[in-house]
Amino acid sequence: MARVHILATGGTIAGRGATDTSSAYRPGSVMIEQLIDSVPGLASLAEVTGEQFAQISSQDMNELLWRGLANRINELFEGDAADGVVVTHGTDTAEETGYFLHLTVTSERPVVLTGSMRPATSLSADGPLNLYNAVSVAADRDARNRGVMLAINDDLHSARDVTKSSTTDVQTFISPGPGLLGTARLGRIRYFRRPVRRHTTQSGFSADGERRMPRVDVLFSHAGMHADLVRASVSLGARGIVIAGVGNGNVPGPVVNSLAEAVKSGVIVVRATRVGSGDVERGVELNDDDLGFVVADQLSPQKSRILLQLCLAHELDRKAVQDAFYQY
Ligand SMILES: NC(=O)CC[C@H](N)C(=O)O
């Protein structure tokens, strides 16, 4: 039987409300032992062990916890202490944690994130079945070499592609562009594809303690966006700026000028889009070569920030950063 270790970090899957219909609740209130006990069927899938890694709402996730999580998972796999790992996580930033792990876990063994949209105390709580499905994937030998995944609401997503699309719907996660990696429902798993971009064993990045993730800000673009936000970011110490641009990664003219100034001072500027899907291409409405900008290709602003932080932590120059956005 496969050995699956669950690292619990909090979120709604561990949330508790006053009654089974109350909309207010506190995420991260149910401990891992209780989560495991609430799904007796897990024992038929794998030898399951659990560990309370953190106990937070995922809006409080940060670089330090990401690094700790990656190091803990790498340690478990290097010591052959688990065949697969499940991370229970709040859904708000699960896509960010997933992408960080996708780039810094060094094993081909499966790492599967899961969470829920309704707290553990809710009528029709979705957490228990999500946990069951996530453990089934983590226990599956065929899940190897597919990078970090998110198993939720019977769907299986690649951490690179997944994003939260609704604040409250149970069916909130989508993978625009490449689509689902597969499905996982009541122990029946189907895979549709493998991620083709570099990850885990093929990644050139590490969560190594010496590599501090520098400050990278995401600036949201809109009609009438103020150019001085860019200067504020730079003066506050940002080494990178990701633009959540309009359309194909665009910003108003005055912002283009202040971003070009930022580039001259050594800041790396990445143009992503707030649209939610599609490419951001070089040289469509702006001369990126002359301005010194990098484009995000298909990565969302929040994931572009993580990739840029890792690039900066590994001291990549601007050209290598652009290559990274095409490779990862
Ligand atoms: N559905 C959720 O998990 C959201 C709850 C909380 N904001 C979190 O991300 O942890």
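Please read these numbers as outputs of a predicted model, since none were measured by experiment. Remember, it's 1-based here, ligands and their atoms both numbered in the order they're listed.
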Undergrad: Any idea which atoms of ligand 1 are less than 4.0 Å away from a heavy-atom of Ser57?
TA: 10 (O)

Undergrad: Relative to the heavy atoms of Thr91, which atoms of ligand 1 are at a distance of less than 4.0 Å?
TA: 1 (N), 2 (C), 3 (O), 4 (C), 9 (O)

Undergrad: Say whether Thr9 and His89, considering side chains only, have a donor N or O and an acceptor N or O under 3.5 Å apart.
TA: no

Undergrad: Identify the protein heavy atom lying closest to atom 9 (O) of ligand 1, giving its residue, its atom name and the separation to 0.1 Å.
TA: Ser58 OG, 2.6 Å

Undergrad: What residue among Gln322, Arg282, Arg271 forms side chain to side chain donor-acceptor pair (under 3.5 Å) with Asp288?
TA: Arg271

Undergrad: For Phe53, which of Val87, Leu65, Ile73 qualifies under side-chain contact (heavy atoms from CB on, under 4.5 Å)?
TA: Leu65

Undergrad: On the six-membered ring of Tyr191, is Arg146 placed so that its NZ or CZ lies under 6.0 angstrom from the centre and within 45° of the ring axis?
TA: yes

Undergrad: Between Leu131, Leu7, Val111, which is the residue that forms a side-chain contact (heavy atoms from CB on, under 4.5 Å) with Val86?
TA: Leu131

Undergrad: With a 3.5 Å distance limit and no angle check, can you tell me whether Asn130 reaches the backbone of Gly115 through a side-chain donor-acceptor pair?
TA: yes

Undergrad: With heavy-atom distances below 4.0 Å as the criterion, list the atoms of ligand 1 near Gly11.
TA: 10 (O)

Undergrad: Using the salt bridge (charged side-chain N to carboxylate O under 4.0 Å, His left out) rule, collect all pairs that involve residues 216-230, keeping only residues at least two apart or in two chains.
TA: Arg215-Asp217

Undergrad: Using a 4.0 Å cutoff against the non-hydrogen atoms of Tyr25, which atoms of ligand 1 qualify?
TA: 5 (C)

Undergrad: Assess Gly15 for proximity to ligand 1: is some non-hydrogen atom of it under 4.0 Å away?
TA: no

Undergrad: Checking one residue: Val275. Which other hydrophobic residues are in its cluster under the side-chain 4.5 Å linking rule?
TA: none

Undergrad: Within ligand 1, which atoms have a heavy atom of Met117 less than 4.0 Å away?
TA: 1 (N)

Undergrad: What residue and heavy atom of the protein are closest to atom 7 (N) of ligand 1, and at what distance?
TA: Asp92 OD2, 2.6 Å

Undergrad: Nearest protein heavy atom to atom 6 (C) of ligand 1, by residue and atom, and its distance?
TA: Gln59 OE1, 3.5 Å

Undergrad: Any idea which atoms of ligand 1 are less than 4.0 Å away from a heavy-atom of Ser116?
TA: 1 (N), 2 (C), 3 (O)

Undergrad: Show me which atoms of ligand 1 lie under 4.0 Å from any heavy atom of Thr12.
TA: 1 (N), 2 (C), 3 (O), 4 (C), 5 (C)

